[in-house]
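Single-structure report; data block below.
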Amino acid sequence: MVHGANGSVATLCLDLDTSKALKAVVDMDAANLRSRLSACGVTFVEDFSPSGGRHIYIPLRERLDASEARELVEALALTAASLDPSPHQNVTDGCIRVPGSAHKSGGHQVLITPLSQAYDILRRRNPAAAIAALRTALAPELARNRALKARQAKTGAAQRTAAAHLLQINTGSETALRRTARTGLYDTKRYKSPSEARMAVLNHFNACGWTLAQVQNELTGQFPGLAALYGSPAKQDRLIKQEWAKAEVWTKTAPCRRRGKDALINNTSHKKPTGGALKPSTAGIHQLVNDLENVLYAVIDHRLKDRGREGLSLRFLIRALLAYMRMKETDLLDVGCRTLAAAMGKHHVTIARLLPVLVQASDGILTKVADARHKAADVYLIQLPEQYQQLARELTWRKGRIHSIRPVFRALGDAAALVYENIERGRHSPTSAELIRNSGISRSTVEKVLVAMEGLGMIHRDGRHWKITSTANLRVLAERLGVMEDYQAHVSRNRRERAAWHAYLDRFMDVRLNEADLYDSDREEHWLPPDDAALWLAA
């Protein structure tokens, strides 16, 4: 039994099960867990079963409450696809097969750790400091679990069983092919062999815009199941380039399938410029963006901070527009509301409501020059008004790049994104008081997000000043917090809705008019398109 009579735990039991993932994934998870635990100074005992599973035991010098132990094991389960936390999710019946026990398939659990070393580890056990270090290393996973549980409590979701809860924690909005890439398990009714399953996964990644280098990089990261489907590293090295080339051909030549009545899977139409002045030079655009950033930090931010939550959204909306302006190297932007919503982690209706407000609040920086029409979005001109030109010339440019809402801040919030930007792009390392003054956010909120980001290793304090931790990888942190799945789901939903709208428009584009339809004065039948307001909202 894992729990004592009072529900406390003397040993954390990590069950790496082949029913959760392929044996190769189990072995990789075990290696990663050994490395993670050793880095935190945690000692452990390990065994393996005849079925290919593994157990890792972490003896504790001080017993943990059942809730604390469950929280730690569930956080570790987010880092290992094959880890089954259910023994720690059932206080009354949670149990595990210890070394030497008979296995139901025949044979016994075999101890991997040398017996003398295992005896010493079980006798000395892990101090509270080692468990605290492990909890610090798992801060992103612990925050992700708490966010999921808070979301469930807020929405009033019905009570779920431990297995269903684990499935939701581990998969979230994950698609079946992403789950196959993570665990190596696939639907045998749909795919007859590992070869077919991995080709489906590669097709999926290619259609989502991944590159071969990105896929290969994640074979030892978040998608070890795809590597396990190859069987051996040699076979993987021999086949992956050939199969990726086949996936590229399939993605380009696959027939356009339909969902629902008229919704196309992908939007294959090429966006064309909507019009306007001649395109400025690349250097001129980058210089214009730098000048606009100076005006943004010096004037616009201070005007918008008094608008509360709406002002915070407006501040990041103009940042998103400047980021797209730099990326597209043009001062005429026809970026749709859904694209901006995906970049900011908000609903497209919210973006449609905020854009006219930002036009009025930007004091001439943002101007709408053309309404949305058919597949084209509204067109906005971004310029530096005459009243700000002298100010832009007097201020020096900021270091780094301007961003909208990076994926990691979908979990941490807009306030955290603004505080992080002030530290990242500040002319010097700011203090807490300077962050409160520069961001225009309340003291309690700034202190809260500083503690959260420091706990995740994104920033650190150097005396009274805050600095960015250079070793922190925001993309990896976003994956550990589980927000990349939400981002991908948001992008996929936008594609489906945009394809449905374009399919609706294409029905009328296919209409063929003959000469009689054009010139017969007795006939006045013609199709009335939706009004501009409806088109603007749909774009």
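- Minimum heavy-atom separation, L418 to L312: CD2-CD1, 3.7 Å.
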Apply side-chain contact (heavy atoms from CB on, under 4.5 Å) to L321 and L358, showing your working.
CA-CA 11 Å; L321 292 171; L358 183 61; 3.9 Å; yes
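- Within the 4.5 Å cutoff, the side chain of L435 has heavy atoms near those of the W466 side chain.
- The heavy-atom pair separating A342 from R410 by the smallest distance is O-NH2, 2.6 Å.
- Note that CG of L332 is 12.0 Å distant from NZ of K328, once rounded to the nearest 0.5 Å.
- Partners of E424 by salt bridge (Lys or Arg N to Asp or Glu O under 4.0 Å), not counting sequence neighbours, listed by chain and number: R406.
- Residues E218 and Q214 are not in side-chain contact: their nearest non-hydrogen atoms beyond the backbone lie 4.5 Å or more apart.
- Closest approach of A472 to G457, counting heavy atoms only: CB-O, 3.4 Å.
- With a 6.0 Å radius and a threshold of 12 heavy atoms from other residues, nucleotides or ligands, R427 has its CZ atom above the threshold.
- Here the side chains of M484 and R475 are in contact, with some heavy-atom distance below 4.5 Å.
- The environment of OH in Y487 is sparse: at most 12 heavy-atom neighbours from other residues, nucleotides or ligands sit within 6.0 Å.
- When all heavy atoms of A75 and L142 are compared, the pair lying nearest together is CB-CD2, 3.7 Å.
- Residues satisfying the salt bridge (Lys or Arg N to Asp or Glu O under 4.0 Å) test with D462, not counting sequence neighbours, are K467.
- With a 4.5 Å cut-off on side-chain heavy atoms, E421 and R398 do not count as touching.
- T350 places none of its side-chain heavy atoms less than 4.5 Å from the side chain of M344.
- A donor-acceptor pair under 3.5 Å links the side-chain atoms of T79 to the main chain of L76, judged by distance alone.
- Judged as a side-chain hydrogen bond (donor to acceptor under 3.5 Å, both in side chains), the pairs with a partner in residues 290-304 (not counting sequence neighbours) are, in order, N290-R326, D291-W397, E293-R326, E293-R425, Y297-R425, D301-R315, D301-R319, H302-K305, R303-D363, R303-Y388.
- With a 4.5 Å cut-off on side-chain heavy atoms, L226 and V215 count as touching.
- R144 contributes atom CZ, which lies 12.5 Å from atom CG of L138 (distance to the nearest 0.5 angstrom).
- Contact check on E434 versus R464 returns no salt bridge, with no Lys/Arg side-chain nitrogen under 4.0 Å from an Asp/Glu carboxylate oxygen.
- The number of heavy atoms from other shown groups lying within 6.0 Å of CD (E394) is above 12.
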Give the intermediate values and the outcome of side-chain hydrogen bond (donor to acceptor under 3.5 Å, both in side chains) for residues E248 and W244.
CA-CA 6 Å; E248 289 180 330; W244 184 257; 3.2 Å; yes
(message) For R495 and V491: C-alpha separation, side-chain torsions, deciding distance, then whether side-chain contact (heavy atoms from CB on, under 4.5 Å) applies.
(response) CA-CA 6 Å; R495 287 174 178 169; V491 172; 3.8 Å; yes
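- Using a distance-only test at 3.5 Å, with no hydrogens or angles considered, no donor-acceptor pair links the side chain of H204 to the main chain of L177.
- By the ring-ring contact (aromatic ring centres under 6.0 Å, His included) test, F205 is found to be paired with W210, F223, residues two or more places apart in sequence or in another chain being considered.
- A salt bridge links D414 to K346: at least one charged side-chain nitrogen sits closer than 4.0 Å to a carboxylate oxygen.
- Residues meeting the salt bridge (Lys or Arg N to Asp or Glu O under 4.0 Å) test with K241, sequence neighbours left out: none.
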Run D486 and H490 through side-chain contact (heavy atoms from CB on, under 4.5 Å) and show every step you take. CA-CA 6 Å; D486 294 336; H490 194 165; over 6 Å; no
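- For the side-chain contact (heavy atoms from CB on, under 4.5 Å) with V408, the qualifying choice from N473, L481, V476 is L481, the only one to do so.
- Counting heavy atoms from C-beta on, the side chains of L219 and I240 come closer than 4.5 Å.
- The ring-ring contact (aromatic ring centres under 6.0 Å, His included) contacts involving residues 416-452 comprise F409-Y420, where partners must be two or more places apart or lie in separate chains.
- Side-chain contact check for L456 versus R480: every heavy-atom pair is 4.5 Å or farther apart.
- Residues V359 and S362 come closest through the heavy atom pair O-OG, 3.2 Å.
- Considering CD1 of I318 and CD1 of I365, their distance stands at 5.0 Å, rounded to 0.5 Å.
- Here the closest non-hydrogen pair linking C337 and L355 is SG-CD1, 4.0 Å.
- Summarising the geometry, atom CZ belonging to R338 is positioned 7.5 Å from atom CZ belonging to R498; distances are rounded to the nearest 0.5 Å.
- A distance of 12.0 Å separates CD of E454 from CE of M458, quoted to the nearest 0.5 Å.
- The backbone N or O of L229 lies less than 3.5 Å from a partner atom in the side chain of R198, making a donor-acceptor pair.
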**Q.** L333/M325 under side-chain contact (heavy atoms from CB on, under 4.5 Å): CA gap, chis, key distance, verdict
**A.** CA-CA 7 Å; L333 290 181; M325 179 181 176; 4.2 Å; yes
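- The closest donor-acceptor contact from the side chain of S404 to the backbone of A343 lies under 3.5 Å.
- Atom OG of S432 and atom CZ of R461 lie 4.5 Å apart (nearest 0.5 Å).
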